[in-house]
Amino acid sequence: MSAKPGPAPSSTDPTPSAAEKAFRAAAASPSFPALEEEVLAFWDEQQIYEKSLARRADAPTFVFFEGPPTANGMPHPGHCLTRAIKDVFPRYKTMRGYRCERKAGWDTHGLPVEVEVGKALGIHSKEEIEEYGVEPFIQKCQQSVWRYMQQWETLTRRLGFWVDLGEAYVTYRQSYVESVWWSLKNLFDRGLLYQGHKIVWWWAQGGTALSAGEVGQGYREVADPSVYVLFPLIAASDAAPKRSLVVWTTTPWTLPSNMYAAVKADLNYAVVEDGETGEQFVLAAALVETLAAKMKRELNVVETVSGASLVGRRYEPPFADYHDRLSDPQGALKSGGQEHWYWRVVAADFVTTDSGSGLVHLAPAFGEVDYEVFSEQRSRFAEGEAPDLLCAVGPDGKFTAEFPEMEGEWVKSADKALTRQLRDGGKLLYQEQYLHDYPFCWRADQDPLIQYPRESWFIRTTQFRDLMLKNNSQIGWQPEHIRDGRFGNFLDSNVDWALSRERYWGTPLPIWVCETTGRMEAVCSYDEVLAKPDVQGTEVWEEAKRANPELADDLCVHKPYIDAVTYASPFAEGARMKRVSEVIDCWYDSGAMPFAQWGWPHQNADQFAEQFPADFISEAIDQTRGWFYSQLAISTMLFGEGASIDVSDSAASGSAGAPSGSAGASTQLADRRSEQAYPHPYRNCIVLGLMLSQWFEATDEDGKKVVALTQEETAEHAGLSFTKKTGKMSKQLRNYRSPSEIFDRYGADAMRWYFFANQAPWNSIIYSDSAIRDSIPEFLLRLWNTFSFFTIYAEIDGFDPTTATDADDQLTPESLASAPTYRPASQRSEIDRWILSELNVAIGTITDRMDRLDNYNACAAITSLLDGLSNWYVRRSRDRFWAKDSQSADKHDAYWTLYEVLVQLTKLIAPFVPFLAERLWQELTRPFGDRVLASVHLCDYPASDETRVDTQLSTSMKVLREIASLGRAARADAKLKVRLPLAAVEVVLSEDTQIAWLQSHDSLVREELNVKSVAYTTDGGDYVQYSVVPNFKRLGPKVGKQIPAVKKLLGEADGNELLSQLQTTGTVSLSLPDGSTLELDSDDIEVRLQAREGWAAAQGASCVVVLNTEVTEELRREGIAKDLIRAIQSQRKEIGCEYTDQIEVGVVTEDADIRKAIECHREMICQETLARQLVMDGLPSVEAVEIENGELFVTRVND
RNA sequence: GGGCGUGUAGCUCAGUUGGUUAGAGCGCGUCGCUGAUAACGACGAGGUCCCAGAUUCGAGUUCUGGCACGCCCA
């Protein structure tokens, strides 16, 4: 890395020396990574980011929220994308005049941290953690949070993501925790927090619940018993035949805890009779045959009944223990009457006939859907009359005394014995093995997980479902389908938020419970607890701090210290208030960031009022149920309609540092809310797609997978055949390059541009070495070459933009106009006006797209502008830059035009590729020294100058470019290379609107096609066959069903005749088959041309270009001269001539054509090659080069 | 099993309110240029727009039903 900053205007020397003042030719192919490192150093040194914010100190805000990543994990390529997207819009908005603060943030709580620490300590169960000690464990967690901080900061900086890392919010900080506490207290006081059961995936051996993500990791295919069990129905009378429900399950160990059997109400059930035993069974009609086939028995249908008719029927439970102990309890229903608590048939929608018997065994303790049915059932009973949950299994996964015969047995190993018991009791109809995916603990992969009920705290989010939906409807989602699709559906099926976690490292639930009465209250800050009567236990923290003064003060609000704090109960004399033991879901932490990042409402009322809601956030799609939801839910509950925000209690509690603005916070926010009740907490959200990798994979002779990241790398493994793969990134396969390698090889701009310009951000994005590498020549290098071209000639000609004495510090086009050599665009040549028009059209498009958060199409507009600049403007203007007279008006026009476009383009690309833009800015503004802004990122984004847009010219130029392209195609077809001049081309157009313009500007075509003359005509009957087709868009609505007839008539008619009719009368009349007549004017039809056979011609959409293929002697000689020029030029380069060096040329040949060509075109040859002399002889001590039919000698002339 | 998304050239992707010759970049082929030159340019080949129905004068685009893949949830 260079120690020096980029070649910015030097601060030590305010007046640049003459040498510094001039442009200097730029390196042909720069090292982008090295360039970027220089720019980074420059930004740091000059504090450009800080300056960019300071310039907008009083500007309107554009609010950005950083979704906090966890610094506990290594940053990976996916983070590059989110961070790049999070960077480009704030940069853009800043240039557009907004103040966009970018407060970083870190998510620091939760199980992943505990797991990391556990790994390091070699422990993983909760027991082991308790044994180790919660206090040292928590301290280790706090330290572990910053494990990869260095890598994160490096990545963030290197990618060019401008964000205030120094001011980052951190979820474990006391102020953050207290904001979260405040919000929870608010919910608690409003009765929105409650305790209930939650069925979780439970790791019995470790005594802990697993998160969905963890469960997902541990699925693997296993064979479980699949049993069809008989539940004998309790018959209405003894006379009735014995009937049993056929119930299917793959978890026999849950049968002792059976509570119900479920049917689907609208399904048909068959009563079948076993041909051998005469027993009767009930199962889904659709599954009778399947089961009969399995059992190899005949099952005769006796009767068919509906599922609904089975509902309410009672049966004998498969194991009688509960039944024996509880007898058969009943309870009063809300609707009046009595109902049995257990062992009856209920209806449930999730029942299907896809597998099993169409009758489902419900053990609500061990299944989430089962539990929902149970809750439904409970709700039917009157207060105090509802059934209790049956659960014969302990948290250790072993049967309890509720199922005495197997007490202490691990449930999963009880399946066999249970099945045997069922068979012995005649209750097993059929048994087989069933292959399915079942989750195991990812930390102990021999331990199967079970679903198990746990006490949990919930937030009553369901109460806010409609408000959240209403809120969601106002969010600007990118892509839009998220709103009514994935996110909308998710909100639609909202269930109460299971908030608590029985873990250690998290925000403690701020609820204290009275040990005597069980009554509870919530607190909103540490100080509020301290202010309670007769507080005890604070010494635990104080001692810890004394013993280790390094301890982060924030830990005082964490376990185990906060757990030790108790106070006198206001509910019962002499009783103590103790905190509940749980911590909360860390998604709640992140969702609280809009206010918690400021410590609001305990402090920073102004910041919060100003920075809420966000104008823009972005994360990947996996956050729909994560951060997108947690933010929306929390904001809706706290700030939405009907919420009451009372921050006075926080002030009253004497919260340390409660700001003076705090009292006003409530009203301020309310005002803001009434202005814009919706949407919040974020107005716009870009949902990013998945990040995939692409690599080459082969299998070696040992059957091991070999991965190569590029085609080239595959060559290192001779003999293996590689296939290209696209898929998820895998640490084990190492099928992707680390971001830092990409930065070192190709640079951050290459990666950024690839992300921004190659696909809409919500598509899955492929992160591959080659894809990123390819964005260099496609865009970065092409732009650099164009810039380099400019500097080469600006240096030669001494172009000096500082002659614009009124130039402002951003070099706006208007201010450059003060230069004496600067002519208004209207006086410049066509091509200058054209590129300026294209520039201003592009500016309009780019700003329009970016304002709509559409980076993809903005980039497309930039690319096409660059294409026009590089492939047409510069190419067609080359000879203007080569022209001898360095002071001609035309040359000045060319310089001013190219300079302006480059300067504007540099600003346009600044948010996207900030490094290259910075370097270009510094190079382009070098002559101005420190009269201009030090960084392009301090500039305003260009505004489109409508007066420079000339749509007519754009259209005409498009036709012209098409003509040139067609001419080349025709030449290629006729095998007449471009260096050979031709006498004429004729261009046949379908309409005359462009002809006048084309005629007056045909030098471009003549040069481009190397022809002596161009003629334009609409009357090309000799070369062209005309045909006429309807203009469907216009005629469709007009004639409707007649369209096919019109098309047919026009197609059959002689096109040439129709055209002449149209030209003379202005209309064409058609007699339709239905007898009516249709008059068509020129807008109703479209004329198409087709080149006739036998001409060297090429056809496009609107014209045909016909070549005159006759090659005269004269033309042939000119062609030879041009060949010779090319040979001399090539030799100039070979002997190392500078652009301006003069040469002498000698040609030795016997070829009469060559001699003649030189004779005729001596002047042109000398001029083009800067030859002082051209002799028909060898040159002394100069080596000859072979040319066709002769030898060529070229030598530099020294002055 | 449910929800959502995707399916267009060898590859990666665009494709506006439905309008009749479906585009770009890369790759490939041919050629050109040789004073932007370890670049650059032009031209060309390459398509059952996943399948099947429906609506319509007209469907890559709208609707219905499938198929495949991906993600999320169960």
Side-chain angles (χ1 to χ4, degrees), chain A residues 25-26 28-29 212 215-216 350 352 354-355 367-369 479 481-482 484-490 492-493 620-622 624-625 689-690 692 694 711 724 726-728 754 757-760 762-766 768 770-771 774-775 777-779 781-782 784-793 796 856-857 860 863-864 867 870-872 874-875 878-879 881-882 964-973 975 977-979 1008 1029-1037 1039-1047 1086 1088 1098-1101 1125-1127 1129-1130 1132-1133 1137-1141 1168-1170:
Chain A
S29 33
V215 176
F350 61 79
T352 67
D354 293 341
S355 56
E368 213 174 331
V369 286
H481 60 73
I482 297 288
D484 298 318
R486 199 173 274 216
F487 197 62
N489 288 341
F490 176 63
D492 243 343
S493 54
I621 189 151
D622 57 342
T624 19
R625 283 146 200 274
L690 229 71
L692 300 176
Q694 201 163 65
Q711 190 86 56
K724 193 177 173 187
T726 303
K728 280 197 257 190
Y754 169 69
N758 276 60
Q759 60 277 301
W762 47 84
N763 277 324
S764 56
I765 290 177
I766 291 172
S768 84
S770 53
D774 287 347
S775 72
E778 281 168 23
F779 180 73
L781 198 55
R782 197 193 288 194
W784 183 269
N785 281 332
T786 309
F787 158 74
S788 160
F789 175 90
F790 167 80
T791 57
I792 287 169
Y793 291 99
I796 292 170
Y856 176 77
N857 284 297
T863 304
S864 99
D867 179 69
S870 162
N871 289 346
W872 191 246
V874 167
R875 199 157 63 81
R878 268 175 174 147
D879 54 359
F881 291 97
W882 301 339
S965 165
L966 290 171
R968 280 189 295 267
R971 266 184 178 273
D973 211 33
K975 303 210 184 321
K977 59 183 179 180
V978 180
R979 227 184 284 123
E1008 191 69 17
V1029 293
N1031 175 355
F1032 288 97
K1033 203 163 185 173
R1034 196 180 144 100
L1035 273 185
V1039 304
K1041 294 196 182 201
Q1042 311 255 45
I1043 275 250
V1046 175
K1047 185 181 178 184
E1086 218 172 280
R1088 297 219 174 123
Q1099 67 181 31
I1125 290 172
R1126 189 227 138 170
Q1129 297 288 34
S1130 144
R1132 271 184 68 104
K1133 193 185 133 208
C1137 282
E1138 293 296 320
Y1139 305 137
T1140 49
D1141 285 341
E1168 293 276 318
T1169 61
L1170 296 186

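Sequence lines set the chain letters: A, B, ... in the order given, protein chains first and strands last, and positions in each chain run from 1. Everything numeric in this text was worked out from a predicted model, so none of it was measured.
Aromatic ring centroids of F790(A) and F881(A) lie 6.0 Å or more apart.
For the C1' atoms, the distance from C40(B) to C57(B) is 48 Å, rounded to whole Å. A gap of 16 Å separates the C1' atoms of G47(B) and U12(B), to the nearest Å. Look at the C1' atom in both G41(B) and C51(B): the space between them is 42 Å, to the nearest Å. Separating the C1' atom of G44(B) from that of G3(B) is a span of 46 Å, rounded to the nearest Å. Comparing the same atom, C1', in A74(B) and in C28(B) gives a spacing of 47 Å after rounding to whole Å. For the P atoms, the distance linking A42(B) with A36(B) amounts to 16 Å, nearest Å. The gap from the P atom of C49(B) to that of A9(B) amounts to 10 Å, rounded to the nearest Å. To the nearest whole angstrom, the two C1' atoms, one in U62(B) and one in U56(B), are 10 Å apart.
For R1034(A), the side chain to side chain donor-acceptor pair (under 3.5 Å) criterion is met by D1084(A), not counting sequence neighbours.
In this structure, I621(A) atom CD1 and C72(B) atom P are separated by 9 Å, rounded to whole Å. Rounded to whole Å, the distance from CD1 on I482(A) to C1' on G5(B) is 8 Å. Atom pair R625(A):CZ and G5(B):P shows a separation of 14 Å (rounding to whole Å applied). Atoms CZ (R486(A)) and P (G3(B)) sit 13 Å apart, rounded to a whole Å. Distance, D622(A) CG to G5(B) C1': 15 Å, rounded to whole Å. Between the NZ atom of K1033(A) and the C1' atom of G18(B) there is a distance of 9 Å, given to the nearest Å. When rounded to the nearest whole Å, the span between CG of N857(A) and P of G23(B) equals 18 Å. Between K1047(A) atom NZ and U21(B) atom C1' the separation is 11 Å, expressed in whole Å.
Distance from the side chain of K1041(A) is smallest to C57(B) among C57(B), C4(B), C71(B). Set against C13(B), A36(B), G25(B), the side chain of E778(A) has G25(B) as its closest nucleotide. Nearest nucleotide to the P777(A) side chain, out of U20(B), G5(B), C40(B): C40(B). With distances taken from any side-chain atom of L690(A) to the nucleotides U12(B), G70(B), C33(B), the minimum falls on G70(B). Checking G41(B), C43(B), G3(B) against the side-chain heavy atoms of S965(A) singles out C43(B) as nearest. Closest to the side chain of F1032(A), out of G19(B), G41(B), A42(B), is G19(B). The side chain of I1043(A) approaches C57(B) more closely than any other nucleotide in the set A39(B), C57(B), C71(B). The side chain of I792(A) sits closest to A36(B) out of C33(B), C13(B), A36(B).
Residues R782(A) and N871(A) share a closest heavy-atom pair of NH1-ND2, 3.9 Å. The minimum heavy-atom distance linking Y754(A) with I765(A) is given by the pair CE2-CG2, 4.2 Å. The two residues F1032(A) and P1037(A) make their nearest non-hydrogen contact at O-CD, 4.1 Å. Nearest heavy atoms, A620(A) versus G689(A): CB-O, 4.4 Å. The minimum heavy-atom distance linking N489(A) with D484(A) is given by the pair OD1-O, 3.6 Å. Nearest heavy atoms, K1047(A) versus P1030(A): CA-CG, 3.9 Å.
Checking V1029(A) against A969(A), the closest nucleotide of RNA chain B that is more toward the 5' end is the one next to V1029(A). Remark on RNA chain B: of its neighbouring residues I765(A) and L692(A), the 5'-side contact belongs to I765(A), judged by nearest-heavy-atom nucleotide.
F487(A) comes within contact range of no nucleotide atom at all, as no heavy-atom separation falls under 4.0 Å. Among the protein residues, Y856(A) comes within range of the sugar-phosphate backbone only, with heavy atoms under 4.0 Å from sugar or phosphate atoms but none that close to a base. Nucleic acid contact class of T786(A) (heavy atoms, under 4.0 Å, all strands): base. As judged by a 4.0 angstrom heavy-atom cut-off over every strand, S870(A) is placed among the base-contacting residues. Counting non-hydrogen atoms under 4.0 angstrom, D774(A) reaches the backbone sugars and phosphates but no base. At a threshold of 4.0 angstrom between heavy atoms, the contacts of Q1129(A) include nucleobase atoms, whether or not backbone atoms are also involved. Heavy atoms of L1170(A) sit under 4.0 angstrom from at least one base atom. Looking at heavy-atom distances under 4.0 Å, V874(A) makes contact with a base. Residue contacts for Q694(A): at a heavy-atom cut-off of 4.0 Å it reaches the sugar-phosphate backbone alone, with no base atom in range. At the heavy-atom level, N871(A) lies under 4.0 Å from the strands shown only through sugar-phosphate atoms.
Between R971(A) and C43(B) there is no side-chain N or O to OP1 or OP2 distance below 4.0 Å.
Of the inter-residue distances, the one linking W762(A) atom CH2 with Y856(A) atom OH reads 10.0 Å to the nearest 0.5 angstrom.
The nucleotide U16(B) finds no pairing partner, because no Watson-Crick or G-U wobble arrangement with both distances shorter than 3.5 Å includes it. Nucleotide G44(B) has C28(B) as its partner under the Watson-Crick or G-U criteria, with both atom distances under 3.5 Å. Across all strands shown, nothing is found opposite U56(B) as a Watson-Crick or G-U wobble partner with both distances under 3.5 Å. G1(B) is paired with C73(B) under the Watson-Crick or G-U wobble criterion, all donor-acceptor distances under 3.5 Å. Partner assigned to U6(B) is A68(B), using Watson-Crick or G-U wobble distances below 3.5 angstrom.
On a pure distance criterion of 3.5 Å, no polar donor-acceptor pair joins the side chain of R875(A) and the base of A36(B).
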